Amino acid sequence: MTFVVNGERSDCTPPDSTSSGNKGRAKHGNPETKQDGGATKAGSPEQSNARGKLRKKKKKQKTKKSCPGEASENGLEDIDRILERIEDSSGFSHPGPPPLSSRKHVLYVEHRHLNPDTELKRYFGARAVLGEQRPRQRQRVYPKCTWLTAPKSTWPRYSKPGLSMRLLESKKGLSSFAFEHNEEYQQAQHKFLVAVESMEPNNIVVLLQTSPYHVDSLLQLSDACRFQEDQEMARDLIERALYSMECAFHPLFSLTSGTCRLDYRRPENRSFYLALYKQMSFLEKRGCPRTALEYCKLILSLEPDEDPLCMLLLIDHLALRARNYEYLIRLFQEWEAHRNLSQLPNFAFSVPLAYFLLSQQTDLPEQELSSARQQASLLIQQALTMFPGVLMPLLEYCSVRPDATVSNHRFFGPDAEISQPPALGQLVSLYLGRSHFLWKEPAIMSWLEENVREVLQAVDAGDPAVEACENRRKVLYQRAPRNIHRHVILSEIKEAVAALPSDVTTQSVMGFDPLPPLDTIYSYVRPERMSPVSHGNTIALFFRSLLPNYTTEGERLEAGVAGGPNRDQGLDRLMLAVRDMMANFHFNDLEL
């Protein structure tokens with residue numbers, strides 16, 4: 001068995017060390033020219049003029065040798081260093097409470113890590129990543145510089161779509177903001193909802209032709225492109241949505257401070273959450289876990305107490321993939337007291353794994369390595385005692401056959417997985433479906449085996465901690481909250497989606513707003529659309545229940561799509577659906 005995480009190395013040195021060496025040699029060469037100049041003072045004026053001409057020729061040759069592409073590459077590398085020095089020295093420039101210590105806030109976001117090119121340059125070098133992009137000059141002028149995404153020349157010309165942001169309140173060092181829609185944007189939003197109800201993606205395409213930066217339309221069409229395996233177009237639409245929303249930012253809204261809040265109960269704010277989440281997912285699939293981790297921190301910082309997208313179920317996975325073990329350990333240490341992170345299976349297993357991987361590094365002192373190994377063993381034993389139903393599915397994912405003493409033991413046997421509450425089963429399925437490949441390394445498996453034996457000895461000895469953990473499992477995991485269900489739907493992990501309760505799977509879930517909060521705060525109401533169906537047409541209601549995109553002739557006239565081939569195609573689809581239903585219908589299935 002081998003353990004490979006995209007072949008990533010987080011300790012790669014930047015590829016511009018040679019350029020800095022050239023700069024150093026150039027600086028060392030200056031004193032020699034000064035000495036030559038001093039020696040020529042005693043010579044003839046003809047010799048001094050000749051040497052002056054030679055110097056000018058050498059300067060011209062040096063400028064010819066350095067191509068503009070390399071100069072721009074070194075320039076962008078210098079910009080990254082300047083940003084890093086500014087962030088390290090002054091923190092964030094936006095208003096907010098000063099840090100209590102020299103260490104940055106645990107949710108502090110760094111601008112340079114929001115750009116995936118920064119991470120890709122560490123892996124492959126700046127020339128390989130941006131070699132052909134830098135010499136080009138953009139023909140289209142965009143209104144502002146943005147951090148989340150770079151505007152592309154292939155996008156439609158940007159004009160304000162009617163989206164803005166206002167400051168609601170500032171107290172105790174926190175600033176609450178909210179996106180707002182003007183009347184024009186509200187009209188586009190109403191048209192979008194009608195297009196979604198039609199179940200026809202082409203209607204959203206028509207809407208984007210008139211409103212090319214309508215955020216919800218971009219998000220919904222991105223999902224349609226992703227389902228059709230057009231990943232490039234799907235990612236491009238998400239980036240355009242992020243650009244549209246970033247152009248609407250309030251001047252005081254900061255991406256990096258960790259003190260700006262967006263209430264998820266407001267529908268206008270949810271689009272920003274979902275656009276960030278989808279962009280984060282694309283970045284992880286692209287092989288940029290460090291950049292995806294920064295997006296995850298950004299989403300969590302917008303509403304850390306409520307955590308509407310439940311990013312705490314994902315941040316540990318991204319930290320491990322990015323090999324940022326220190327950050328995961330620090331987050332656990334600072335938040336365990338008030339958030340009980342150890343009660344989440346993902347944190348219970350990821351934190352000891354981070355300690356163990358940290359103990360495998362050779363560049364740390366021996367004392368730190370030994371301490372990390374001891375802490376890893378202690379925490380993994382606590383995790384196995386609290387969540388015994390994780391072990392056997394994890395070994396099955398990793399294609400490892402357990403020892404008979406383990407598989408036949410009552411504590412880790414089949415009853416451990418069957419007896420756990422349904423809410424806990426959802427969390428376990430989510431964690432294993434997402435992070436099981438992180439455990440496939442042979443060294444990790446041997447370390448896990450050692451601690452499994454220690455836990456079995458404690459169980460056989462009648463350790464009271466075992467019974468205490470069993471009682472806590474029965475009490476704590478009665479039902480998962482709505483934000484966990486929302487996270488499972490967005491994750492699209494089959495094992496976790498299959499474990500969702502029936503009351504969630506039976507209700508309609510919209511991609512642009514999955515499982516909206518029950519206490520939604522509406523700033524404007526969608527006007528009621530009168531149609532013949534709403535007047536009690538029973539036959540139309542019956543056909544509408546069979547096909548959501550069925551519309552009557554009156555509705556087609558109202559929408560401006562009456563008659564023609566669309567009408568015939570709709571009737572053909574309706575008749576095929578009715579024939580299929582009647583062919584599969586059996587009177588014996590009726591309960592009288």
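Remember, it's a predicted structure, so these values are computed and weren't measured experimentally.
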Any salt bridge linking R112 with E110? Criterion: basic side-chain nitrogen under 4.0 Å from a carboxylate oxygen. yes

Scanning both residues in full, the closest heavy-atom pair of L500 with V504 reads CD1-CG1, 4.4 Å

Taking the six-membered ring of F179 as reference, does the cationic atom of R266 (NZ for Lys, CZ for Arg) lie under 6.0 Å from its centre and within 45° of its axis? no

Between D503 and R479, does any side-chain N to carboxylate O distance fall below 4.0 Å? yes

Are there more than 12 heavy atoms of other residues, nucleotides or ligands under 6.0 Å from atom CD of E306? no

T291 pairs by side chain to side chain donor-acceptor pair (under 3.5 Å) with which of R286, H113, E119? E119

R486 versus P308: any side-chain heavy-atom pair under 4.5 Å? yes

Does the S301 side chain pair with the main chain of G258, one donor and one acceptor, at a distance under 3.5 Å? no

Give a yes or no on whether E396 atom CD has more than 12 heavy-atom contacts from other residues, nucleotides or ligands under 6.0 Å away. no

Just how far is it from atom CG of L353 to atom CG of L379, taken to the nearest 0.5 Å? 11.5 Å

Does atom CD of Q507 have more than 12 heavy-atom neighbours, drawn from other residues, nucleotides or ligands, at distances under 6.0 Å? yes

Euclidean distance, Q420 CD relative to D415 CG, rounded to 0.5 Å: 11.5 Å

The criterion is side chain to side chain contact (heavy atoms under 4.5 Å, CB included); which residues satisfy it with N115, sequence neighbours excluded? D117, T118

W439 and W447 aromatic ring geometry - parallel, tilted or perpendicular at 30°/60° bounds: parallel

Looking only at heavy atoms, which two atoms of I238 and S222 are closest? And how far apart? CG1-OG, 3.3 Å

Minimum heavy-atom distance between P514 and L490, given as atom pair plus value: CG-CD2, 3.9 Å

How far apart are the C-alpha atoms of F332 and Y327, what are their side-chain angles, what is the distance that settles it, and do they pass the ring-ring contact (aromatic ring centres under 6.0 Å, His included) test? CA-CA 9 Å; F332 178 77; Y327 174 78; over 10 Å; no

Might you point out which heavy atoms bring F412 and V406 nearest each other, and give the distance in Å? CB-O, 3.8 Å

Output yes when E294 and K297 qualify as a salt bridge under the 4.0 Å nitrogen-oxygen rule, no when they do not. yes

Hey, are R434 and S429 close enough side-chain-wise for a donor-acceptor pair under 3.5 Å? no

With side chains defined as the heavy atoms from C-beta onward, is the minimum distance between L331 and F347 less than 4.5 Å? yes

Measure the CD1-CG distance between I315 and L328 for me, rounded to the nearest 0.5 Å. 8.0 Å

Minimum side-chain heavy-atom gap L237-L219 below 4.5 Å: no

Close side-chain approach of S350 to Y355, heavy-atom, < 4.5 Å: no

How long is the straight-line distance from CD of Q279 back to CD1 of I299, given to the nearest 0.5 Å? 10.0 Å

With rounding to the nearest 0.5 Å, note down the distance linking CD1 in I444 to CD in Q360. 8.0 Å

Salt-bridge contact E326-R330 (side-chain N to carboxylate O under 4.0 Å): no

Is there a donor-acceptor contact under 3.5 Å linking the side chains of N346 and D316? yes

Please check this pair: side chain of R473 against backbone of P421, looking for a donor-acceptor N/O pair closer than 3.5 Å. no

Check: S254 side chain, T256 main-chain N or O, donor-acceptor pair, under 3.5 Å: yes

Would you call the rings of Y397 and H436 parallel, tilted or perpendicular, where under 30° means parallel and over 60° means perpendicular? parallel

Could you tell me whether R226 and E492 have a side-chain N and a carboxylate O separated by less than 4.0 Å? yes

Partner set under side chain to side chain contact (heavy atoms under 4.5 Å, CB included) for T149, not counting sequence neighbours: W155, E239, L242, Y243

Give a yes or no on whether a salt bridge exists between E336 and R339, defined as a side-chain N under 4.0 angstrom from a carboxylate O. no

Between N471 (side chain) and E467 (backbone), is there a donor-acceptor pair under 3.5 Å? yes

Would the distance check show the side chain of Y477 and the main-chain N or O of G425 forming a donor-acceptor pair, the cut-off being under 3.5 Å? no

Atom CD of residue position E450 - does it have more than 12 heavy atoms of other residues, nucleotides or ligands inside 6.0 Å? yes

Is a side-chain N or O of Q381 found less than 3.5 angstrom from the main chain of V452, in a donor-acceptor match? no

